[in-house]
Amino acid sequence: MIAVLSGLSWEKFAAEAEAAITDPGVRGVVVAAGTGLGDRDYPSDTTRLGNVLRRIETSGKPFVAAIAGRAIGASYEICLSCHYRVAADDNTTHISVWDAQSGLMPGLGATQRLPRLLGVKPALSLLEGRTLNGREAKEAGLVDEAVLPDRLMAAAREWILTENKTARIPGNIAAPQFGVACALLRERTLGLYPAPLAILSSVFEGCQVDLETGLKIEAGYFAYVRSTPEARNLARLRQWREELDCLVGRPASVPKSRFSKIGILGAGMMGSGIAYVCADAGLEVTLLDTTAENAGRGRAAAIAAFDKRVAKGGLTAEARDRAAARILDTCDYRDLKECDAVIEAVFEDRVVKADVMRKTVAVTGDAILFASNTSTLPITSLAEAWPRPDNFIGMHFFSPVDRMPLIEIIRGKRTSDACLARALDLAGRLRKTPIVVNDNRGFYTSRVFATYVNEGMAMLLEGITPSLIENAGRLAGMPVGPLVLADEVSLDLLRQVRGQGTDPVDEVLRIMIDRCGRHGKKTRQGFYEYPAGGRKRLWPDLAKWFPPRADQPDAGELIRRFRWIQSLETVRCIEEGVIGDRRDADLGSVLGWSFCPALGGTIGHIETVGIGRFLAESERLESAYGERFRTPELLRKMQFGG
Ligand code: NAD
């Protein structure tokens with residue numbers, strides 16, 4: 001008899017594996033992975049489960065993992081302790097030895113078994129956490145066979161009945177040089193995440209000893225990583241994201257809205273991206289622009305995004321064609337008839353926006369959900385151009401729309417609960433993560449993000465060298481430095497949003513735009529120069545306009561400034577009622593502008609540092625750099641549980 005273990009809790013899995021091992025009537029066992037077993041999470045007692053896996057491995061009875069669905073992290077580690085692995089070759093099978101988002105490291109033997117199975121180098125590369133489909137997993141060696149899904153169980157059984165003489169129990173391997181791997185890892189993670197370094201150490205140390213000892217070494221590192229604030233922060237962000245995806249903040253009394261047809265005004269960069277996500281979610285889309293040509297171009301851009309997925313094998317050509325057929329490009333407002341919601345993404349100009357609203361309402365009536373994708377114009381005043389401002393809301397998508405998971409939903413003063421609920425329902429339908437904020441200059445994300453860019457420019461005016469500024473930005477956990485971001489946003493737009501002021505930032509923008517004639521990346525001339533065909537580099541003449549001072553600060557001071565200024569501004573947003581829920585603040589910062597997730601988001605950062613130390617440091621920064629580091633009153637009252 002062949003036993004099949006499928007969809008079990010950890011406890012039941014352990015018990016049934018043991019029963020199968022001791023039952024002489026059982027010839028072999030198929031472990032159906034991807035069915036919920038060990039789905040992502042590790043049990044609190046990994047040692048016990050680790051012992052069960054070792055027992056499976058050494059039982060003398062053939063165990064085969066049959067993978068269909070998600071076998072990621074813990075769930076794949078179970079497969080590794082089996083003697084053979086078969087995966088379904090389809091689009092729904094996802095295999096990864098490590099879930100990097102979890103904040104943990106493998107804790108059920110993967111850092112020991114994988115190097116012994118594949119060799120250290122390939123194992124380390126897979127331990128970076130790439131997710132593969134069945135066929136890719138076969139090529140990489142994560143599974144032994146990839147078969148059509150309906151052949152999966154049969155292939156697993158066949159192996160038990162015919163082939164299992166070749167069952168391998170991982171042996172020992174020689175330890176290669178780790179110096180380079182360590183250096184490359186440092187370059188990639190900048191020491192911000194404990195898990196990757198612990199994985200490397202566990203592999204390295206495990207290579208020198210037998211498997212049993214190696215498993216103990218891994219257990220030690222796993223316990224350490226699990227106890228770090230970074231692991232807590234990442235786990236919590238993941239949990240909060242699931243909550244926001246379930247629309248926790250949605251006014252409960254409003255019945256759920258259904259959508260079938262969405263109108264999108266403006267078929268430019270944002271409009272075409274929004275059309276793509278709507279069509280991808282199965283909605284009919286009317287994509288409208290001033291001319292048929294513009295609208296057609298927007299539709300083509302949306303289809304190109306589907307094409308990319310087809311090329312990568314993630315979507316069939318038929319599915320792409322069906323999605324493309326759902327997008328109608330037009331310049332005729334009558335095509336907006338029967339839309340349940342309309343999202344405008346025309347030029348950032350209130351006169352243009354008011355004009356398209358007037359033309360829309362004549363066709364759709366004012367009872368639909370009308371959302372603006374404005375990035376800077378206040379929602380409350382834009383709403384005045386819609387006959388029913390209670391049905392008007394901001395839905396701020398991020399660029400590129402197909403890849404950025406966040407939508408910032410902005411309530412105007414008169415936006416109703418029903419309208420908010422509808423906008424949240426639409427965000428959910430588009431499979432985006434929504435945060436809800438109140439109307440205010442820059443809303444939440446742009447306002448706080450700007451403090452990072454501005455701080456970098458203020459540093460430049462102080463005579464800090466640009467390369468130090470940019471590196472410190474990355475060391476603070478931001479994906480790129482503030483000056484390159486300023487170039488990307490465009491220096492003109494930064495000034496337009498700020499108006500004419502007297503802050504250091506305004507002075508830097510005046511020098512760059514008015515005196516140097518540099519406007520940012522779009523003109524290939526900003527803080528960086530962008531040679532055609534070459535790599536961008538910092539503009540050498542920056543030193544002439546912003547002479548470096550003799551005594552450069554250490555990077556630690558700059559890192560603190562970058563982190564503190566963003567956290568302080570977030571506290572101000574909470575104090576002013578711009579944002580009400582901590583989950584929105586933290587996830588908005590991580591998903592909106594890539595604030596370091598290991599720090600837990602902009603509020604999570606305060607908790608990670610500790611409120612006492614954070615306050616003391618704020619006060620010091622205020623006396624050193626002035627008003628923008630002023631401590632908000634709310635911060636003094638903030639408390640963090642646990
Ligand atoms: P874009 O210039 O790429 O596209 C604007 C489109 O609107 C153009 O195709 C234009 O022809 C069309 N348009 C202009 N007037 C129109 C009218 N009267 N009727 C119909 N169509 C009209 O601009 P974009 O970057 O897509 O930005 C659109 C909106 O989204 C702006 O409000 C912008 O602030 C906002 N936004 C932009 C970003 C970003 O990163 N670019 C991010 C979030 C929000």
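Indexing begins at 1, ligand by ligand and atom by atom, following the structure's order. Excluded from the calculations below are hydrogen atoms, water molecules and symmetry mates; all remaining heavy atoms, backbone and side chain alike, are included. Bear in mind the structure is a predicted one, so any value in this text is a computation, not a measurement.
The one candidate from Arg350, Lys353, Lys359 that meets the salt bridge (charged side-chain N to carboxylate O under 4.0 Å, His left out) condition with Glu344 is Lys353.
Between Phe595 and Trp593, the ring-plane angle classifies as perpendicular under the 30° and 60° cut-offs. His605 and Phe614 have perpendicular rings, their planes meeting at more than 60° on a 0 to 90° scale where under 30° would count as parallel.
For the pair Lys536 and Tyr530, the NZ or CZ position fails the cation-pi test of under 6.0 Å to the six-membered ring centre and within 45 degrees of the ring normal.
Closest of all the heavy-atom pairs between Gly103 and Leu234 is CA-CD1, 3.4 Å.
Residues with a heavy atom under 4.0 Å from ligand 1: Gly266, Ala267, Gly268, Met269, Met270, Asp289, Thr290, Asn294, Tyr333, Ala345, Val346, Phe347, Glu348, Val352, Lys353, Val356, Asn373, Thr374, Ser375, His396, Phe397, Ser399.
For the 3.5 Å distance criterion, the side chains of Thr608 and Asn233 qualify, holding a donor opposite an acceptor.
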